[in-house]
Amino acid sequence: MAGRIPTRQELIRRQRRSGFVGRRAELDAFRAALRQPPAEAGQFLFLLHGGSGLGKTALTRQFEAAARAAGATGARLDGELSDPVAAMGEIAAQFAAQGCPLPGFARELDRYLRRRHDLDGEVARAAAALTAGPRGGGTVAARNGPAELTPVFLHDLAEAAAARPWLLLVLDDYQVLGPVLDEWLYDLVITGRHGELPGNVLVVLAGREPLDQERWGDCSDLVSELPLQPFSDQEARQLLAGRGVPAREQADEAVRLAAGSPLLAAVLAAAAAPVAPAVPAPRPGGRGLVLVGGRRWGAGAGPADPDGSADDAGEPAEAPDTPGLAIRAAAVEPDGGDTVAAAVGRLLRAVRDPDRQALLLACALPLELDRTAWRALTGEEPEQQRAQFDWLTALPLVTERGPRWRYLEPARSVLLGLLRSSSPAGWWELHTRLADASAERRAELEQRHGPEGGCWEPGWWTDAEWRELRRGEAYHRLCADPRPELAGVLRTALEAADHGDGELRCWVRMVVRAGEDSADSVLRGWGRRLRAAAAEPGPGVLGLLISRAGYDSAGRALAYTLRGRQHLAERRFAEAVADLTAALALEPTSTRALFGRAVAFDRMGRKPEALVDLGRVVELAPQESSALVQRALTLLELGRPAEARQDLARAERVAPENSMVFVGRAVVHSWTSFRPVR
């Protein structure tokens, strides 16, 4: 027997509780795509674009709900990603969590990440160049990560697609993701450069701007473009009514202030319905939220407020009678007609519980709010403060992202400005707590999964969670006190660059974001310079760091080595030699710089000089099998196959499982078969 049919009034209440209003044409277009037979799917690529606050994220959530109802498996990308490899890894992880693993890709991704720091890539390129000599074609291709992994990703995606009616990929915040993923995505869905995309894959992009016409200009017939317009007054009133603002006078004012923004209308609706103060939850000693005036401090005290609210010893003054984070009324008034500030200010004033005011402000500090951040800010688990947690995460300016929540821009920037101006000491204290929490989680990760004998730092850069925690710690330390932390962060950026250009871009964006959020002039200046350098072709960021970061000799040596490596990858061999020589002047025993310069010399036809550098590498690192293989290949080109075979035999004894040893043997056999021995 069928279940009870809900009444119309129940359905109305359910629809209004969802909080989603309008955008019927866009939803209808997407639902029509889900009704297509996959073999005839003409609509597969949707683009939502429009300014901040127009509801792009909310609409993509509706698309996801519709796709799930149609039996689809989906993945959402909307955060910091270093490169297409990271994007594919995130998609695979989300698919696996829904019972749709991509096993072949997962294995290849693990192998790729483990060898990312190896010298095998350069040896493979050398082998490819050699085998192209006598036969006119290479047996080993020089492959980068996306080119290597995307075909495997597409193979597994096709197998997953065969068992599902639809697969959905949502890329939100495309103004952030686009610079990293746009070329790869174009090849994935349009050109088929790395393999064929299954026909039942739907892709949704959401960003502030239309797609890059230089790349996508000839795809207008393939892209279902859905530009979002501001809400009409009628739609805004409908949203307000659904959020419990029926009074005409209140609705009129809210419609005026919202100015067509669904986000602001929702925030104003929340402000029109004040929430009664919550029952205070018990607090562990000394770990409550920071207060203006007298404060509940965590471990240690921060710098005093400009008004002298801390004494000379750094101890907070006596607590005021009213708990909570004090908000100066002037600070939340509209500033120059800023409707976002006005809406957020109304919401803060409507929250009568001062602890909830403090919570709303404090939880804007992390880029994403999760259990660790909540615990760092409040001293308790979310379950211990369920009423507060549920209240905060239900606010319209907070959106869910898996096990995390994120404040929507530009509301978050308004709240950050209020906290900076209302409580500089609280700003320092809370950012420091968040940084310490990231550091503690990173240490736990290293202890739980690290090898015996301690931290394996070069390997940790291959771990996405570890990298995110390290960036998070750096962001919060920069926001708390930028001047003393900046030099260390710029040094760590070199380690990020060692992991790849994509990870360096993530650190550039983090510094830019910290400068904007902290409003520190020095940090903002660095952010502007880094952003400009990142937009230039070639190793512009590394050049800026070499010239302006003030590194010690070890840091400068690493920076020159990394820039030399990038020159080498882009076939600027003379520039590579110059940078690697500069690195060796600072650190003469750097095997990485010696090996890279040897490869550059080899490409320039300077074989004897290459042999000298390779000999030095073998002397300094006798167990480095890749250097032995590279020297064997160079000896081979010099017509010394007997010595080449000796180096290969030695490499096999040192590292019998190294695949490059077998490649080297194949090259020697191929070379001697087609060229006479001198």
Side-chain angles (χ1 to χ4, degrees), residues 6 10-36 41 43-79 91 94-95 98 164-175 177 200-208 223-232 234-243 258 260-267 269-270 393-402 404-409 411:
E10 286 173 331
L11 292 173
I12 290 172
R13 286 193 294 272
R14 187 183 305 169
Q15 178 179 341
R16 287 186 167 177
R17 276 199 304 272
S18 75
F20 191 80
V21 170
R23 309 304 186 202
R24 306 314 307 175
E26 293 84 358
L27 271 171
D28 288 344
F30 185 73
R31 287 170 176 155
L34 292 170
R35 292 193 294 269
Q36 302 172 104
Q43 288 184 300
F44 68 97
L45 179 58
F46 292 84
L47 171 65
L48 309 176
H49 63 85
S52 297
L54 289 182
K56 297 182 292 295
T57 295
L59 184 53
T60 61
R61 296 289 188 189
Q62 293 294 312
F63 284 6
E64 288 176 302
R68 283 195 301 271
T73 296
R76 163 181 285 267
L77 305 179
D78 59 359
I91 292 168
Q94 292 186 35
F95 276 24
Q98 299 168 66
R164 302 291 192 282
W166 295 102
L167 299 180
L168 175 65
L169 304 179
V170 176
L171 287 78
D172 201 0
D173 286 340
Y174 202 66
Q175 67 276 0
L177 293 174
N200 60 337
V201 175
L202 300 179
V203 180
V204 176
L205 311 178
R208 294 176 191 156
V223 180
S224 299
E225 192 167 354
L226 303 173
L228 297 189
Q229 303 299 325
F231 262 14
S232 66
Q234 180 181 357
E235 287 174 317
R237 290 180 189 281
Q238 184 182 351
L239 187 150
L240 291 164
R243 299 293 181 97
S261 166
L263 169 62
L264 293 187
V267 171
T393 55
L395 288 173
L397 52 77
V398 180
T399 182
E400 187 175 0
R401 182 178 179 256
R404 304 176 181 184
W405 285 261
R406 179 185 296 173
Y407 278 60
L408 293 174
E409 296 289 352

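Positions are given from 1, in the same order as the sequence printed here. The model shown is predicted, which means the values in this text are computed figures rather than measured ones.
Checked against L47 for a side-chain contact (heavy atoms from CB on, under 4.5 Å), the options V223, L226, L171 give a single hit: V223.
Residues satisfying the side chain to side chain donor-acceptor pair (under 3.5 Å) test with E26, not counting sequence neighbours, are none. The side chain to side chain donor-acceptor pair (under 3.5 Å) test applied to R404 returns E368, E468, not counting sequence neighbours. Listed by chain and number, the residues in a side-chain contact (heavy atoms from CB on, under 4.5 Å) with R68 are E64, A65 (sequence neighbours excluded). Under the side chain to side chain donor-acceptor pair (under 3.5 Å) criterion, E225 pairs with H49, not counting sequence neighbours. In terms of the ring pair (Phe, Tyr, Trp, His ring centres under 6.0 Å) criterion, residue partners of F30 (sequence neighbours excluded) are, by chain and number, F46, F63. Residues forming a ring pair (Phe, Tyr, Trp, His ring centres under 6.0 Å) with W405 (at least two apart in sequence, or on another chain): F389. Partners of T73 by side-chain contact (heavy atoms from CB on, under 4.5 Å), not counting sequence neighbours, listed by chain and number: F95, Q98, C100, R164, L167. Remark: E409 engages R412, R513 in a salt bridge (charged side-chain N to carboxylate O under 4.0 Å, His left out) (not counting sequence neighbours). Under the side chain to side chain donor-acceptor pair (under 3.5 Å) criterion, N200 pairs with no residue, sequence neighbours left out.
Contact check for Q175 versus D173: side-chain heavy atoms found under the 4.5 Å cut-off.
A donor-acceptor pair under 3.5 Å is formed between the side chain of W166 and the backbone N or O of L34.
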For this session: Please step through side chain to side chain contact (heavy atoms under 4.5 Å, CB included) for the pair L205 and L45, ending with a clear verdict.
Result: CA-CA 8 Å; L205 311 178; L45 179 58; 4.2 Å; yes

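Taking each heavy atom of Q43 and S224 in turn, the nearest pair found is NE2-OG, 3.4 Å. Across all non-hydrogen atoms, the minimal contact from P396 to L408 is O-CD1, 3.8 Å. Between P165 and A72, the closest heavy-atom pair is CG-N, 4.4 Å.
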Table please: side-chain donor-acceptor pairs of residues 51-60 below 3.5 Å, with sequence neighbours left out.
residue : atom : partner : partner atom : Å
K56     : NZ   : G50     : O            : 2.9
K56     : NZ   : G51     : O            : 2.9
T57     : OG1  : D172    : OD2          : 2.7
T60     : OG1  : T57     : O            : 2.7
T60     : OG1  : R76     : NH2          : 2.5

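With rounding to the nearest 0.5 angstrom, the CG atom of L48 is 9.5 Å from the CZ atom of R23. To the nearest 0.5 Å, atoms CG (L263) and CG (L397) are separated by 7.0 Å.
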